[in-house]
Enquirer: 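The structure follows.
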Amino acid sequence: MYHRYGPRYWWPGDSKFEVMVGAILTQNTNWRNVERALANLKRAGVMDPQSIMATHHRKLASWLRPSGYFNVKTRRLRSLCRWLIENGGIGQLQRIATPALRKALLSVYGVGRETADDILLYAFDRPVFVVDAYTRRIFSRLGLIQGNEDYDVIRHLFESEVARDAPGYKEYHALIVAHGKAVCRPVPMCECCCIRSLCVFDGNRGDAAT
DNA sequence: ACCCAGGGTCATA
DNA sequence: TATGACCATGGG
């Protein structure tokens with residue numbers, strides 16, 4: 001994949017905080033829409049936890065609107081900022097060991113396992129493997145996983161099989177997304193069954209494209 | 001008129 | 001543990 005797509009330079013962002021914001025905003029959302037919301041925050045001069053907390057929900061939501069789910073994402077972003085401030089900021093959090101830091105992130109409203117791992121890998125530079133929908137799709141079609149395993153089962157699999165190295169994990173995940181976008185498309189419905197979960201093409205059609 | 005995109009929470013069984 | 005409803009915008 002590296003040979004095909006080259007270095008991805010992930011995660012895009014001017015600061016660790018911006019990476020965290022992007023991780024919240026990109027939940028089930030096209031990155032193109034996230035960029036608009038990030039630009040709104042920068043233009044408003046609120047790309048920091050204190051400014052976010054000082055902004056009314058209504059106004060913050062209007063800036064996040066292009067990224068979709070803007071009401072829930074407003075709450076999630078503020079809960080993350082509240083957590084950052086209560087814990088002394090990113091600099092202090094850097095001193096916490098990875099397992100404890102991961103648990104702390106997961107306790108934040110709106111931060112699930114993938115978002116937590118995005119933040120751990122790309123903002124805190126921890127060697128944590130991010131498992132997303134593309135990872136499940138690509139590697140299930142390669143026959144290496146079934147695809148519906150629990151998140152942490154797949155994460156531990158990659159972390160045990162791939163050398164624990166943050167820069168390597170960063171590049172790998174970015175390449176998985178690049179490959180997923182370019183080639184490994186979701187399984188389309190076929191005329192014979194018309195039900196996605198029962199489609200006979202599932203697991204077969206993707207092979208030629210992986 | 002669909003489907004999809006760099007998920008997570010909550011209620012329910 | 002495992003589904004389903006819900007959240008919402010912009011692009012193909």
Side-chain angles (χ1 to χ4, degrees), chain A residues 1 5 7-13 18-41 57-58 60-83 102-123 128-140 146-155 158 169-191 193-199 201-202 205-206 209:
Chain A
M1 289 195 290
Y5 302 106
R8 301 283 82 199
Y9 305 109
W10 264 30
W11 187 298
E18 185 180 332
V19 170
M20 297 184 186
V21 176
I24 294 287
L25 298 186
T26 196
Q27 291 169 353
N28 201 38
T29 300
N30 190 308
W31 183 254
R32 186 70 63 191
N33 291 351
V34 175
E35 287 180 316
R36 294 191 168 103
L38 291 174
N40 287 342
L41 295 177
H57 176 102
R58 200 64 174 267
L60 188 54
S62 72
W63 292 329
L64 299 188
R65 184 161 51 89
S67 71
Y69 304 139
F70 53 85
N71 280 312
V72 289
K73 284 177 178 175
T74 296
R75 272 186 271 122
R76 291 175 185 182
L77 177 56
R78 299 190 72 187
S79 67
L80 177 69
C81 291
R82 181 167 62 250
W83 175 76
R102 188 167 194 272
K103 284 179 184 173
L105 277 165
L106 289 174
S107 73
V108 178
Y109 168 78
V111 178
R113 290 179 289 188
E114 183 180 337
T115 303
D117 292 342
D118 280 334
I119 293 173
L120 285 168
L121 179 60
Y122 291 104
V128 174
F129 203 96
V130 176
V131 178
D132 68 342
Y134 288 126
T135 308
R136 292 176 184 272
R137 190 187 301 165
I138 292 172
F139 286 90
S140 64
Q146 214 240 327
N148 59 351
E149 292 94 338
D150 179 81
Y151 181 97
D152 287 310
V153 170
I154 299 179
R155 180 171 66 89
F158 277 94
Y169 284 3
K170 289 181 183 182
E171 197 63 60
Y172 203 164
H173 178 246
L175 287 166
I176 286 171
V177 174
H179 188 65
K181 284 181 173 178
V183 179
C184 195
R185 309 310 306 160
V187 178
M189 284 191 292
C190 57
E191 302 80 6
C193 58
C194 300
I195 299 176
R196 196 177 307 280
S197 61
L198 298 178
C199 182
F201 287 153
D202 198 350
R205 198 188 190 93

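Side-chain atoms are counted along with the backbone in the values below, which use heavy atoms only and exclude waters and symmetry mates.
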Enquirer: Taking only the P atom of each, what is the distance from B:dG6 to C:dC6 in whole angstrom?
Expert: 24 Å
Enquirer: Looking at every strand, decide which applies to A:Lys73 at a 4.0 Å heavy-atom threshold: base, sugar-phosphate, or nothing.
Expert: nothing
Enquirer: Can you tell me the distance, in whole Å, between the OH atom of A:Tyr5 and the P atom of B:dG6?
Expert: 14 Å
Enquirer: Could you give the distance separating B:dA5 and C:dC7 at their C1' atoms, to the nearest angstrom?
Expert: 14 Å
Enquirer: By the 4.0 Å heavy-atom rule, please label A:Val34 as base, sugar-phosphate, or nothing.
Expert: nothing
Enquirer: Starting at atom CG of A:Asn30, determine the distance to atom P of B:dA5, rounded to an integer number of angstrom.
Expert: 9 Å
Enquirer: Can you measure A:His179 atom NE2 to B:dA5 atom P for me and round it to whole angstrom units?
Expert: 14 Å
Enquirer: Reckon A:Ser67 touches a base, only the sugar-phosphate, or nothing at all at heavy-atom distances under 4.0 Å?
Expert: nothing
Enquirer: Name the pairing partner of C:dG10, where a pair is Watson-Crick or G-U wobble with both distances under 3.5 Å, or state none.
Expert: B:dC4
Enquirer: In whole angstrom, give the distance that lies between atom CZ of A:Arg185 and atom P of B:dC4.
Expert: 9 Å
Enquirer: Hey, are A:Asp118 and A:Thr115 close enough side-chain-wise for a donor-acceptor pair under 3.5 Å?
Expert: no
Enquirer: Could you please name the option among B:dC10, B:dA5, B:dG6 that lies closest to any side-chain atom of A:Arg137?
Expert: B:dA5
Enquirer: Is there a side-chain contact between A:Asn28 and the phosphate of C:dC7, meaning an N or O under 4.0 Å from OP1 or OP2?
Expert: no
Enquirer: Please state whether the phosphate of C:dG11, meaning OP1 or OP2, lies under 4.0 angstrom from any side-chain nitrogen or oxygen of A:Arg36.
Expert: yes
Enquirer: Relative to the 5' end of DNA chain C, which residue comes earlier, A:Arg32 or A:Tyr69, by the nucleotide with the nearest heavy atom?
Expert: A:Tyr69
Enquirer: Heavy atoms from C-beta onward define the side chain here; which of B:dG6, B:dG8, B:dC10 lies closest to that of A:Trp10?
Expert: B:dG6
Enquirer: Is there a side chain to side chain contact (heavy atoms under 4.5 Å, CB included) between A:Glu171 and A:Tyr5 once you walk through the steps?
Expert: CA-CA 11 Å; A:Glu171 197 63 60; A:Tyr5 302 106; over 6 Å; no
Enquirer: For the pair made of CG in A:Asp150 and P in C:dT1, what is the distance, rounded to whole Å?
Expert: 8 Å
Enquirer: Find out whether A:Ile154 and A:Phe139 are in side-chain contact, i.e. whether some heavy atom of one side chain is under 4.5 Å from a heavy atom of the other.
Expert: no
Enquirer: Could you please name the option among B:dG7, C:dA8, B:dG6 that lies closest to any side-chain atom of A:Gln27?
Expert: B:dG7
Enquirer: Quick one: on DNA chain B, does A:Tyr122 or A:Tyr109 contact a more 5' nucleotide (nearest heavy atom)?
Expert: A:Tyr122
Enquirer: Side chain of A:Val72 only, heavy atoms from C-beta on: which candidate in B:dG8, C:dC7, B:dC4 is closest?
Expert: C:dC7
Enquirer: Test side chain to side chain contact (heavy atoms under 4.5 Å, CB included) on A:Gln27 and A:Tyr69; report intermediate values, then the result.
Expert: CA-CA 9 Å; A:Gln27 291 169 353; A:Tyr69 304 139; 5.8 Å; no
Enquirer: Can a side chain N or O of A:Lys181 be found less than 4.0 Å away from OP1 or OP2 on B:dG6?
Expert: yes
Enquirer: Grab the CG-P distance between A:Asp117 and B:dG8 for me, whole Å please.
Expert: 9 Å
Enquirer: Determine if A:Tyr134 stacks with B:dG6; use a centre-to-centre distance below 5.5 Å and an interplanar angle below 30° as the criteria.
Expert: no
Enquirer: Taking CZ from A:Arg136 and C1' from B:dG6, how many angstroms apart are they, rounded to a whole number?
Expert: 14 Å
Enquirer: Relative to the 5' end of DNA chain B, which residue comes earlier, A:Pro12 or A:Gly110, by the nucleotide with the nearest heavy atom?
Expert: A:Pro12
Enquirer: Please assess A:Val177 against A:Trp31 for the test side chain to side chain contact (heavy atoms under 4.5 Å, CB included), listing each intermediate value before the final yes or no.
Expert: CA-CA 11 Å; A:Val177 174; A:Trp31 183 254; over 6 Å; no
Enquirer: At 4.0 Å (heavy atoms only), tell me whether A:Asn71 reaches a base, stays on the sugar-phosphate, or touches nothing.
Expert: sugar-phosphate
Enquirer: Tell me if the centroids of the rings in A:Phe129 and A:Tyr172 come within less than 6.0 Å of each other.
Expert: yes
Enquirer: Taking atom C1' of B:dG6 as reference, at what distance in whole Å does atom CD1 of A:Ile119 sit?
Expert: 13 Å
Enquirer: Pick one: which of A:His57, A:Arg65, A:Arg58 meets side chain to side chain donor-acceptor pair (under 3.5 Å) with A:Asn71?
Expert: A:His57
Enquirer: Would you measure the distance from the C1' atom in B:dC3 across to the matching atom in C:dA8 and give it in whole Å?
Expert: 15 Å
Enquirer: Under 4.0 Å between a side-chain N/O of A:Thr26 and OP1 or OP2 of B:dA5, yes or no?
Expert: no
